[in-house]
Amino acid sequence: MSINTTQLVFDETDNLLRVFQLPETVSADFCMPDGHQTNFLLVDWFRPSSEVGQIIDVDKLRQFIRTKIYYQSDRNYLVMLRTGETFLVDPPITALSKSAFDVTEDEKKQILQRRQHEANLKTIQRQRLFALETAAKYEAWLQENNRGSTFSTFVDEFGYQAADKLVFGQVEAIRLAAVIK
């Protein structure tokens, strides 16, 4: 069932979210009688709150997902709760309607490319801020806990939610670049 509210209330049994990247295309044929295999890629899972009864804004969850390293602004994502409720994040921009604008096919293509370019820039900016914030928090944690940096420390002790070596590599590069000589 799709969520038709802007807020979620979690209890201790249903607070795990799973994020799936949907396929770019699906078969145009009918699925009967044998169906068509469609792969959904599980890209993330997390608990948005550890507090029982916490109210979470769905739009804030969408914004949070858009900051993740796996997020691509031209893809659809399905978020599924343990209870079976779902919501989507960012359906792709569809082609412009001919009746809405008097533009050529070339102009439509340029408009869509420009929009995609701007969306990609925003995604990159969000990812940069996320990497910088994560690196700053991780560095502070390392200093407070007198720990050396390793991937297992980053995931297991610091508590980064995903075993994501790409993010760890970015965080390490930021930490090393921040050394004043």
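In this structure, CG in L129 is found 10.0 Å from OG1 in T67, a value given to the nearest 0.5 Å. From E157, atom CD reaches atom OG of S149 across 10.5 Å, with rounding to the nearest 0.5 Å. Taking CG from D57 and CD from Q63, the interatomic distance works out to 7.5 Å, rounded to the nearest 0.5 Å. Rounding to the nearest 0.5 Å places CZ of R75 at 13.0 Å from OH of Y70. Taking CG of L61 as the reference point, atom CZ of F87 lies at 4.5 Å (rounded to 0.5 Å). Separating the CZ atom in F158 from the NZ atom in K137 is a distance of 7.5 Å, to the nearest 0.5 Å.
Partners of N146 by side chain to side chain donor-acceptor pair (under 3.5 Å), not counting sequence neighbours: none found.
No continuous path of hydrophobic side-chain contacts links L166 to L132 [ILVMFWY only; heavy atoms under 4.5 Å]. Under the 4.5 Å side-chain heavy-atom criterion for ILVMFWY residues, a single connected hydrophobic cluster contains both L142 and F151. Cluster annotation: Y77 and F46 are assigned to the same hydrophobic cluster (Ile/Leu/Val/Met/Phe/Trp/Tyr, side-chain heavy-atom contacts under 4.5 Å, transitive). Note: the hydrophobic cluster containing L42 also contains M80 (ILVMFWY, side chain heavy atoms under 4.5 Å, direct or indirect links). I174 and I124 are not part of a single hydrophobic cluster, where members link through side-chain heavy atoms under 4.5 Å apart.
The only member of R114, Q113, R115, K108 that meets side chain to side chain contact (heavy atoms under 4.5 Å, CB included) when paired with I111 is R115.
In this structure, R147 and T153 approach most closely via the heavy-atom pair NH2-OG1, 3.7 Å. When all heavy atoms of Q127 and I69 are compared, the pair lying nearest together is NE2-O, 3.4 Å. Nearest heavy atoms, L16 versus R47: CD1-NH1, 3.7 Å.
The closest donor-acceptor contact from the side chain of Y138 to the backbone of E172 lies at 3.5 Å or more, if one exists at all. Looking at R126, its side chain never comes within 3.5 Å of a backbone N or O of K68 through a donor-acceptor pair. When atom types are taken as modelled, the side chain of R66 and the backbone of T123 share no donor-acceptor pair closer than 3.5 angstrom.
Under the 30°/60° scheme for interplanar angles, the aromatic rings of F20 and F40 are found to stand perpendicular.
At a cut-off of 3.5 Å, with distance as the only test, a side-chain donor of Q116 or N120 sits close to an acceptor on the other residue.
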| said: One pair to check against salt bridge (Lys or Arg N to Asp or Glu O under 4.0 Å): D106 and K109. What are the steps and the verdict? | reply: CA-CA 5 Å; D106 234 11; K109 185 177 177 182; 5.6 Å; no

